[in-house]
Every structure is written in C-alpha cells, then in structure tokens.
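As the structure is a computational prediction, the values presented were derived from the model and not from experiment.
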Amino acid sequence: MRFLLPIIAIFFLPLAAKAQVPANCSQLIVSIAPDWNTDHGRMQCFTLENGKWAPSSAPIPVLFGKNGLAWGRGIAGQEEHGLHKQEKDRRAPAGIFRIGTIYTYDAALPPGANYPFHRVNDTDAWVDDPSLPEYNRHVSINPKYPPPWFEKQKMRQGDSAYRWLVEIRHNAEPPQPGAGSAIFFHIRRGEQKPTSGCTTMAEPNLSKLITWLHADAHPCYVLLPRSEYLSKMKKWKLPDAQAASALISKD
C-alpha cells in the first residue's frame, strides 16, 4: 500500500494553464510587428463566431516600443525562449494578455462604450518603481500624506495622450519586480513616434476600440512578430491565416 499514495497523488496535481487564447475569450485584439526590433505594425479586432475568429474591423496602424518587442508575462509569452521584457527597456511585451480596466480623465467613456472604467483624479498613481511593494499596480494615495514617489508616478499628468488608458495586463498576476510596468493602449503622440512599451494609435481608432470592448466577452490582446504569429497560430488558437490575411500580409 505504501506505493499507492504517490501514484494516486499524481492524478490530483493541478494542471498547468495552457498557453493559448482562453476559452472564455470571445473578443481578441491582434497586433503584428514585422519583426522583433520594429517599432510599428498593424492591429485588428476579431470576434469569435461559431467557434471561429471573424474580423470585426479593418487593420489599423499602431506603434510599439522604440526598441521593438520582447516576450512579456501574461497568458502566454513568459515561457518562451529569447529576450524578455524588462523595466525601461523600451520594448512592448509580446504574447497573450487579458484586457483590464480603462482609466480616463473624462467623466464617461466615448458614446456607446460599456466597459469598466476608473476616472483618474489627483490621487491616482501607477507605480513603475520595482523597489516598491505597489510595483505595476494602480494605487490611490492619501493627498494629506503623499509618498515621496508620488509626483513622478501620478497618473493625471495633463498629457492628452493619456486621455484614455486601456490596461494591457502584462506582468500583473502577480507583478514580478523589474519585468515591466504600466502597459496600455493609448493615443499616439505622432504618426512616427514610438512608445516606451505601450501600443498606441490615432485617437479615433482608440475611441472605436473602447466602444467595441465588452467585459462579458473577456477580451484579450495578442502582440507578436509576424514569424512568431505564423508559427503559433494553431497552437495558441489564434485567428487563422484566412481570417487574419489582411493583418499578416507583408504589404
């Protein structure tokens, strides 16, 4: 009998989560970069219809990190070999990520939008200092006793590019110090101006994206270089070559 316990225990070990689009995700945002070191690409939205991904929008131009991409920490990506995202490396995280809360300066989201949001005020911060326990988290401070780091990390900076911040949940569950923080979709600062790691686009396109999102669809974001997308398309249950043909073409 002493040999039965280890054998039985094997069947009760928790199964590792598969690196693929979650089964409850029915809205998928996909961005493709030409290669790992490119700061721009295209993005397209997809909806799951009868078990298959169907385009919900045409591809649009987007910008990534100034130095390109590196593997991030989300639903998929952290287990891959190669360069991994680090704080201040100016690379956007590659992989699959859940979409979190929308943060906005406004009292409401764009007309027609219905998604969880938080109105940013003078007490809100997003911590990007890996030495702090609040690293890569949204926090609200006591305005009577602001911590010394608050001024540099407060969210309300009067920056029009941050009018809407759609959280891309990289390095979130839980945050690993130094693995990258504050990754969002937001308004671009110029057609040719890349980011420190976020994905940016023209304001009208971001407004449409926010209006399209629905919390009950459990939306996710996929960001990959073209070669990685093609190699992982089936394994990660991504839109196939036919559905994503306009996005993955080299033109």
### Query
Measuring from Phe185:CZ to Thr195:OG1, what's the distance to the nearest 0.5 Å?
11.5 Å
#### Entry: Transitive ILVMFWY side-chain link Ile183 to Leu213, under 4.5 Å
yes
### Query
Does any N or O in the side chain of Gln44 come within less than 3.5 Å of the main-chain N or O of Pro55, such that one atom is a donor and the other an acceptor?
no
### Query
Hey, quick one: are Val222 and Val62 part of the same hydrophobic cluster, counting side-chain heavy atoms closer than 4.5 Å, chains of contacts allowed?
yes
### Query
To the nearest 0.5 Å, what is the distance between CG (Leu209) and CG (Asn205)?
9.0 Å
### Aromatic centroids of Phe184 and Trp126 separated by under 6.0 Å
yes
### Any donor-acceptor N/O pair, His170 side chain to Ala94 backbone, under 3.5 Å
no
#### Entry: Listed partners of His218 passing ring pair (Phe, Tyr, Trp, His ring centres under 6.0 Å), at least two apart
none
### Task
Please work out which of the three classes, parallel, tilted or perpendicular, describes the rings of His138 and Tyr103, given edges at 30° and 60°.
tilted
### Charged tip of Arg189 within 45° of Tyr162 ring normal and under 6.0 Å
yes
### Query
Between the main-chain N or O of Arg163 and the side-chain N or O of Thr104, is there a donor-acceptor pair closer than 3.5 Å?
yes
### Message
What I'd like to find out is whether the side chain of Pro175 reaches to under 4.5 Å of the side chain of Arg137, using heavy atoms alone.
### Response
yes
### Message
Count I, L, V, M, F, W, Y as connected when their side-chain heavy atoms are under 4.5 Å apart, and connections chain through other members. Are Ile187 and Met43 then in the same cluster?
### Response
yes
### Message
To the nearest 0.5 Å, what is the distance between CG on Asn171 and CZ on Arg73?
### Response
4.5 Å
### Task
Side-chain contact test, heavy atoms from C-beta onward, threshold under 4.5 Å: evaluate it for Trp36 versus Leu83 and give yes or no.
no
### Query
Between Ile32 and Val30, is any pair of side-chain heavy atoms under 4.5 Å apart?
yes
### Summary
From the list Val127, Asn136, Asp129, side chain to side chain contact (heavy atoms under 4.5 Å, CB included) with Ser181 holds only for Asn136
### Query
Could you go step by step and tell me if Glu151 and Lys154 meet the salt bridge (Lys or Arg N to Asp or Glu O under 4.0 Å) rule?
CA-CA 6 Å; Glu151 194 61 29; Lys154 64 183 181 182; 2.9 Å; yes
### Query
Heavy-atom count around Gln192 CD within 6.0 Å, excluding the residue itself: above 12?
no
### Message
Does either side chain, that of Tyr115 or that of Thr211, offer a donor lying less than 3.5 Å from an acceptor on the other one?
### Response
no
### Message
Taking the basic N atoms (NZ, or NE/NH1/NH2) and the acidic carboxylate oxygens, is any pair closer than 4.0 Å for Asp240 and Lys52?
### Response
no
### Query
Any donor and acceptor pair, going by atom type alone, linking the side chain of Tyr135 with main-chain N or O of Gly180 inside 3.5 Å?
yes
### Message
Between the side chains of Arg119 and Asp106, is the shortest nitrogen-to-carboxylate-oxygen separation below 4.0 Å, so that they form an ion pair?
### Response
no
### Query
Applying the 4.5 Å side-chain criterion to the ILVMFWY set and letting contacts propagate, would Leu223 and Tyr229 be lumped into a single cluster?
yes
### Task
Could you walk me through whether Gln20 and Ile75 pass side chain to side chain contact (heavy atoms under 4.5 Å, CB included), step by step?
CA-CA 7 Å; Gln20 62 183 40; Ile75 296 167; over 6 Å; no
### Query
Charged N to carboxylate O under 4.0 angstrom, Glu167 versus Arg169?
yes
### Query
So, do Ser31 and Tyr221 sit near enough that their side-chain heavy atoms are less than 4.5 Å apart?
yes
### Query
Should Leu247 and Phe46 count as side-chain neighbours, where that means a heavy-atom distance under 4.5 Å?
yes
### Message
Show the nearest heavy-atom pair for residues Val21 and Trp53, with the distance to one decimal.
### Response
CG1-CZ2, 3.8 Å
### Query
Going by heavy atoms in the side chains, are Leu224 and Trp71 under 4.5 Å from each other?
yes
### Smallest separation among heavy atoms of Pro219 and His214, with atom names
CD-O, 3.3 Å
### Task
Please answer: with hydrophobic residues joined when any side-chain heavy atoms are less than 4.5 Å apart, are Val139 and Phe117 in the same cluster?
no
### Task
Any chance you could lay out the side chain to side chain contact (heavy atoms under 4.5 Å, CB included) test for Asp35 and Arg226, step after step, and finish with the verdict?
CA-CA 6 Å; Asp35 55 58; Arg226 183 177 182 275; over 6 Å; no
#### Entry: Test item: Gln27 side-chain N/O and Trp212 main-chain N/O as donor-acceptor pair under 3.5 Å
yes
### Task
Check the surroundings of atom NZ in Lys232: do more than 12 heavy atoms from other residues, nucleotides or ligands lie under 6.0 Å from it?
yes
### Task
Please report the shortest heavy-atom distance between Arg42 and Ser249, naming the atom on each side.
NH2-O, 2.5 Å
### Query
For residues 86-104, which residue pairs qualify under salt bridge (Lys or Arg N to Asp or Glu O under 4.0 Å), counting only residues two or more places apart or in two chains?
Lys85-Asp89
### Message
Taking the side chain as everything from C-beta on, heavy atoms only, tell me whether Cys220 gets closer than 4.5 Å to Ile99.
### Response
no
### Side chain proximity check, Leu230 to Ile248, heavy atoms < 4.5 angstrom
yes
### Exceeds 12 heavy-atom contacts within 6.0 angstrom, atom CD of Gln242
no
### Task
Over all heavy atoms of both residues, which pair between Gly65 and Ala92 is shortest? Give the atoms and the distance, please.
N-CB, 3.8 Å
#### Entry: Ser56/Thr47 under side-chain hydrogen bond (donor to acceptor under 3.5 Å, both in side chains): CA gap, chis, key distance, verdict
CA-CA 6 Å; Ser56 297; Thr47 302; 2.4 Å; yes
### Query
His40 and Phe64: aromatic ring centres closer than 6.0 Å?
no
### Task
To the nearest 0.5 Å, tell me how far Leu28 CG sits from Ile96 CD1.
7.5 Å
### Task
Could you tell me which non-hydrogen atom of Ile29 sits nearest to which non-hydrogen atom of Cys45, and how far apart they are?
CG1-SG, 4.3 Å
### Query
Atom CG of Leu109 and atom CD1 of Ile102: how far apart are they, to the nearest 0.5 Å?
5.0 Å
### Task
Considering only NZ, NE, NH1 and NH2 on the basic side and carboxylate oxygens on the acidic side, decide whether Arg188 and Glu203 come within less than 4.0 Å.
no
### Message
How long is the straight-line distance from OG1 of Thr38 back to CG of Leu69, given to the nearest 0.5 Å?
### Response
8.5 Å
### Task
Considering non-hydrogen atoms only, spot the tightest contact between Asp122 and Arg156 and give its length.
OD1-CD, 3.4 Å
